[in-house]
Amino acid sequence: MKPFLYSLLLALCWLPPASGDAGVLVPVGRDQPDPKIFSLDEMTIDIHIENGDARVSVVQIFGSHTSAVEEGTYTFALPARAAVSDFAVWDGLTRIPGVILERRRAEEIYESLKQQTIDPGLLEQGERDAAGARRSSVFSVHIVPIPAFGTKRVEMEYHERIPVEALRSALAVPLRPDAYQAVTAGTLKITWDLQSRLPIRDFQKAGKAFPLRMVEREPNHVRGTFEGRNVALTEDFTATWELDAAAAGRTEVLTHRDPLESPIGFFQVLHLLPDSRADQSPRTIVALFDTSLSMQWEKLERSYRALDQLLHSLRPADRFNLLLFNSQVGALEAAPVPATTAEVEKALAFVKSSNLRGGTNLEAALEQALAQGGNYLVLISDCGATEGAIRNSRVAEQYSEAWKRLPPSRRPRTYIFGVGDDANLPLMGLLAANDGLYEWVRSTEPVDFKLDAFLAKLGKRPVDGLMLTAAPKADFDFTYPLEDRFFPGSAASWVGQYRKPGEAATFSAGAATVQLTLPAQDLENQQLPRTWARARVDALLAKIEREGEDRASIDEIIRLSRKYKFVTPYTSFLAAPRALLRPRVIRPGDPVIRVKTDPAIESVVAIFPFGLVKPLRYLKEEDTWQTRFLAPADLADGTYPVRLILRDREGRVFRESKTFVIASTPPVLRVRLPRARFRPGDVINVRVNASSSARTIVARMYGAAPVDIRWNQRAGASTGDLTVPPVPPGKYQLTVIAEDVAHNIGTQEVTLEILP
């Protein structure tokens, strides 16, 4: 890699399911962190929770202890209701932020830069495509270079929605290792800031590793800090708190509107439901326990704990049966039996005597569970179907059809407890739509709070028919509930948009009613636009999961993701120096320059090296400043500076220097083939050495589909495989075309002979 390109370079890829650690840097070629190579010198975690929205910012500084330039893989797994909202690394004193782009466009730029021997940063969710991303919460980032005896700073931020269960809430920041050994932080600082319109009581910092020093402990505000040296990250940072039961039935309305950013206002309605005791009527529960090979290690331990707690929570009047499933399905009994102590212990022994084996035939397991009868079906699994019906929509459709064919009195409520960083959350949501619910725990997060809340709902009916009405109706758009179902003791919550500030509005949730005037300007609750955008994206993703992809939904997901800055299955963070991410490589006469700025900037002026001064115009729809200019035709090829003068709303002036490149020379190619004669069906490995300016390289031959030629680090050239088509014997031309960012095109033709 050329010295002047030694800036951060990251690449995000999917990890095996076991790798659910957060904030771990593993040297390339190793399977564990090695403090002799990389140490975690400093770590800062800033946690800010405001009315159920948690913003968690993590900054880590890793130190290198070798004399060589190193590479590492940084891994982390997100909580269930979280989305990445920022990512950056530092190259020395330069912060290199990730910019959200459409997934395919990010991959295109990524591959283009790699062809120029640049290793850019690509941060994506999932393994290969959007469908895989919707099933993955695990990320990893390839970081290079890490300088000899130097440091590398990594920043990551995510937002997580914190629900209320039985008047209680909990937050867990993933720190405990799963696949890797525990890492020790040289210094660790944690700041905690919890704010709530609904009064808080009984705040508890769970665990012993990170005791908080409380700074403020008021009914609506809790603050604390932790500082330590040489802290072993052996457990997640967790905290729990209650909402005051006296506030049950209370409704709060939050608003946000910044007229300088958008004419649209945002609102959130919070309605705290009173808690209630579970129905004591006898229950018949059919438990499905996943014993496929995907449920190894921590996943098996957590699954067994969930099953054990479920069975021991049964009352003598209840009945149950247990089905174990992998490629096959095996039942404890032919039909549900009384939940006696003997039968419960027999069921647990049944699990202990079984072995993990084979794949996951979820279709067969659900079919047999429905045949058992019962009013609850409890599935404990990662829902990763590998046999029978595999596609989410097909599995869910078959189950729903079979469920609906049952008489209403025999339709079980579908409860799902998902386990593992790779749990198939979209499928869980689709299955739980059959009068049920689902919960999910990562491979390492504390299980107590979520499991207790999940089991407490066995016997509790959701609050049916609870809806939000906002009047006058014409003033409001796109209102979404933040949870699929509301139970007693939860905080029912909705987010939406309003269009007419200054109007009197009425919000009604059940019997509760709140009236207020919609503000023309309200700069509080800055999380609301992103909260609304995520709810809208979740609704669109659910639609895609049910009905398949459509261009309009995908385009809207991409637009919202870029505008409100959070990663989705259809978008990615691309992190590279801005000069590489958005190069202005132009031919003489190219008339446009475009610049993105901070939202506070109100004017931008460009000063060009050939004496031209041009103001830029703001394009609201594209969130971009733009101007047209004329590069003189006699301007020689090369790199030229342009100075930008930026002025913000408060009158402050900022100066920034950018560069653009005049390029009129096409890329130069040298094409090599392994030999000159081939037969139809042979695979030709095409090797191309091209100018570093080449953006795309394509090989074409009569009768064959075009082949992309991509950079191959191991080969030291760009390579691609072209299959010889079934053409008559004779001589043919193989044409290789290279195009640079300025759309200059270079070509080379190579003659080859096709033998009979």
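Basis for what follows: all heavy atoms, side chains included, without hydrogens, waters or symmetry-related copies.
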[X] [atom1] to [Y] [atom2] distance, which is reported to the nearest 0.5 Å:
X: Arg153; Y: Ile61; atom1: CZ; atom2: CD1; value: 5.0 Å
X: Glu549; Y: Leu540; atom1: CD; atom2: CG; value: 12.5 Å
X: Thr386; Y: Leu293; atom1: OG1; atom2: CG; value: 9.0 Å
X: Asn689; Y: Ser718; atom1: CG; atom2: OG; value: 7.5 Å
X: Ser292; Y: Leu300; atom1: OG; atom2: CG; value: 10.0 Å
X: Leu541; Y: Ile557; atom1: CG; atom2: CD1; value: 4.0 Å

Derivation and outcome, side-chain hydrogen bond (donor to acceptor under 3.5 Å, both in side chains), residues Ser64 and Glu70: CA-CA 8 Å; Ser64 174; Glu70 297 283 357; 5.6 Å; no

Sub-3.5 Å donor-acceptor pair from the side chain of [X] to the main-chain atoms of [Y], do we have one?
X: Asp236; Y: Leu175; result: yes
X: Trp440; Y: Asp382; result: no
X: Glu556; Y: Ser553; result: no
X: Thr571; Y: Val567; result: no
X: Thr360; Y: Leu362; result: no
X: Thr723; Y: Val683; result: no
X: Arg442; Y: Asp422; result: no
X: Asp86; Y: Met156; result: no
X: Ser691; Y: Val668; result: yes
X: Arg675; Y: Arg677; result: yes

Arg394/Ile390 under side chain to side chain contact (heavy atoms under 4.5 Å, CB included): CA gap, chis, key distance, verdict: CA-CA 7 Å; Arg394 184 59 179 159; Ile390 295 175; over 6 Å; no

Taking C-beta and beyond as the side chain, do [X] and [Y] meet within less than 4.5 Å on heavy atoms?
X: Val56; Y: Glu157; answer: no
X: Val59; Y: Trp90; answer: no
X: Gln296; Y: Leu356; answer: yes

Pair Phe678-Leu755, side chain to side chain contact (heavy atoms under 4.5 Å, CB included): steps then yes or no: CA-CA 6 Å; Phe678 302 90; Leu755 303 176; over 6 Å; no

Residue pair Thr751, Leu734: steps toward the side chain to side chain contact (heavy atoms under 4.5 Å, CB included) verdict: CA-CA 6 Å; Thr751 301; Leu734 185 147; over 6 Å; no

Aromatic ring pairing Phe62/Tyr74, orientation class (parallel under 30°, perpendicular over 60°, tilted between):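 Ring orientation, 0 to 90° scale: perpendicular.
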
Worked verdict on Lys299 versus Glu301 for salt bridge (charged side-chain N to carboxylate O under 4.0 Å, His left out): CA-CA 5 Å; Lys299 288 166 71 174; Glu301 178 184 327; over 6 Å; no

Pair Asn392-Asn424, side chain to side chain contact (heavy atoms under 4.5 Å, CB included): steps then yes or no: CA-CA 9 Å; Asn392 283 359; Asn424 188 349; 2.8 Å; yes

Sequence-distant partners of Ser67, side chain to side chain contact (heavy atoms under 4.5 Å, CB included), two or more places apart: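 Expected list: Phe149.
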
Enclosure of Arg357 CZ (heavy-atom neighbours >12, cutoff 6.0 Å): no

Side-chain ion pair, Lys36 and Asp34, N-O less than 4.0 Å: no

Residue pair Arg551, Asp555: steps toward the salt bridge (charged side-chain N to carboxylate O under 4.0 Å, His left out) verdict: CA-CA 6 Å; Arg551 190 67 254 173; Asp555 287 346; 2.9 Å; yes

